[in-house]
Structures are given as structure tokens and as C-alpha cells.
Amino acid sequence: LWPWLLASSGLSALVQLVTLPFFPDSPSYLLIQKGNEEACRKAIRKLWGEGDHQAEIDDIMKEKAAMTSTKTLRVLELIKERSLRWQLYVLMTVMTTLQLCGINAIYFYSFEVFHTAKFEEYLIPYVSLGVGLCECLSSILCSTLIDRFGRKVLLWGGYTLMGSVLALLTMTLSLQHRFFWMHYFSVILIFLFVIFYGIGP
């Protein structure tokens, strides 16, 4: 079953490969990059139907004007630019915490936790698949929550809840040999951690 499951990801790639030639180019790409207004209008009509789409074309033209007035910076110039320093710090912090938040450790040790929780050997891959499915569903949920609460709230909330879950998980893994039910609590915490990771960071 697993080889078929892994091969199924190639199905979406095949569908894209076959259908992409029939999709129109992006109107903004045609107008900004190629400078072809007629092709842009044609693509807009294909995407949104017949009608007056001058307002959309005017928006793309404004975007083009803004892009031409903006200077493209090299990496060293970006680092030296004082006006962009705080944005750079925030970006570096978010990316660093994303790498060090513990999600890789959770995925790496989850098999061992499931095995210690006395799951049958043949069931463990399906439980691991459930963990991945939780991350996928929570990421979809995040896209609906981000407009309501904002990115900052989701980041703070996600990292706070993930930190709390990791503290509890450390405790349950330390006590799993004393209490038989700690194994199952550890499994629940793994699922919660992945959900909070998908919703937050």
C-alpha cells in the first residue's frame, strides 16, 4: 500500500503537466514583464469573462509603476539598508524559530513514542499518517483564522501552545515507565503539537 501511496503524489503532477498548457498566462505577468497589453486583456477575458476590465488593468499599471520606481537591492545592500533592518530581523527570527521549534524532533521520535504506547506494528504507519493529516488540516484551518486574528496572534499563540505541549511531553516521556497511561497521553500531545504547529508557525 505504501508504494502506491507515495506514487499517488505523482498523479497531481501529471494532471498539472497535462492541463497547464491550456491555462492562460497571468495578466500581471503579461503586462508587467512582457509589456503586452493586448495579451493581458485577452487573458483577463479568458479568466473573468467578457466585460469592462479597465479597473483591473489600471491596478496592474500602478503596480508596474511602483515596481519600476523601486530599486532592486543586492544581499549586502539589503543588510546595510537601515530602513529595512527591523523587517530583516523579524524575518530572520521567524525563520530561525520555525527551524528550531521542534517539529522535526516530533516527527523523528513519534514512531518510538507510538511503539512504546503498545500500538501494533502494522498500525504505527497509519497513526503517523494521521499526524501528517492533522498538520494538513490545521494548515487549511489556519488560512481561515489568519484573516480574523492576524499573523502576530497566531504566531504568539502557536509558539506558546507548542512550548507548553513540549514541556508536558518531556514530563510524560520521563514518567511513562511509572504510569501505563502516560504512553497514550504522549500520543495525544504529539497530535496536539502538530495541530498547534499547523495553526501557528
Side-chain angles (χ1 to χ4, degrees), residues 3-101 103-104 107 129 131-159 194-201:
W4 286 105
L5 190 63
L6 287 170
S8 66
S9 61
L11 184 64
S12 61
L14 184 64
V15 169
Q16 286 184 32
L17 193 66
V18 171
T19 56
L20 274 177
F22 301 101
F23 282 85
D25 286 318
S26 163
S28 57
Y29 165 76
L30 290 169
L31 192 57
I32 295 171
Q33 302 292 329
K34 296 291 186 180
N36 191 339
E37 190 173 334
E38 187 54 42
C40 172
R41 289 180 185 278
K42 189 177 177 184
I44 286 174
R45 283 196 298 269
K46 197 170 182 180
L47 286 167
W48 298 323
E50 295 295 331
D52 184 21
H53 301 292
Q54 189 58 43
E56 286 83 0
I57 292 170
D58 290 341
D59 285 341
I60 297 171
M61 291 299 286
K62 285 177 190 172
E63 184 184 342
K64 184 179 181 180
M67 285 177 69
T68 51
S69 62
T70 305
K71 183 188 173 187
T72 305
L73 299 174
R74 293 190 176 91
V75 177
L76 285 175
E77 291 174 335
L78 181 68
I79 293 169
K80 291 175 184 175
E81 184 65 45
R82 294 182 71 85
S83 63
L84 300 174
R85 196 154 293 170
W86 274 111
Q87 292 93 316
L88 191 62
Y89 288 156
V90 169
L91 184 64
M92 286 170 64
T93 304
V94 169
M95 295 310 296
T96 305
T97 52
L98 194 62
Q99 293 300 315
L100 302 175
C101 70
I103 189 68
N104 294 326
Y107 277 124
L129 186 65
V131 171
L133 189 63
C134 270
E135 184 180 349
C136 180
L137 292 174
S138 59
S139 299
I140 294 167
L141 177 63
C142 175
S143 63
T144 60
L145 293 175
I146 198 165
D147 290 331
R148 182 177 295 179
F149 298 107
R151 184 76 175 143
K152 193 175 182 180
V153 172
L154 290 182
L155 276 173
W156 276 108
Y159 280 125
V194 170
I195 289 168
F196 295 147
Y197 172 79
I199 292 174

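These numbers come from a predicted model, not from an experiment.
- Counting only distance, with no hydrogens or angles, the side chain of R45 and the backbone of C40 share no donor-acceptor pair below 3.5 Å.
- Of all non-hydrogen atoms in G200 and R151, the two that sit nearest each other are O-NH1, 3.3 Å.
- The minimum heavy-atom distance linking A39 with N36 is given by the pair N-OD1, 3.1 Å.
- Looking only at side-chain heavy atoms (C-beta outward), Y159 and C101 come within less than 4.5 Å of each other.
- Interatomic distance, C136 SG to L141 CG, rounded to the nearest 0.5 Å: 11.5 Å.
- The two residues E56 and W48 make their nearest non-hydrogen contact at CG-CZ3, 3.5 Å.
- Heavy-atom minimum distance, K64 versus L31: NZ-O, 3.6 Å.
- To the nearest 0.5 Å, atom CG of residue L137 and atom CG of residue L133 are 4.5 Å apart.
- Note that the OH atom of Y29 and the CD1 atom of I60 stand 14.0 Å from one another [nearest 0.5 Å].
- Going from atom CG of L30 over to atom NZ of K42 covers 10.5 Å, rounded to the nearest 0.5 Å.
- To the nearest 0.5 Å, atom CZ of residue F149 and atom OG1 of residue T144 are 9.0 Å apart.
- Ion pairing between a basic and an acidic side chain is recognised when a charged N comes within 4.0 Å of a carboxylate O; R41 and E37 show such pairing.
- The two residues S9 and S12 come nearest to each other via the heavy atoms O-OG, 3.0 Å.
- Q54 contributes atom CD, which lies 10.0 Å from atom CG of D59 (distance to the nearest 0.5 angstrom).
- Minimum heavy-atom separation, Y107 to V194: OH-CG1, 4.0 Å.
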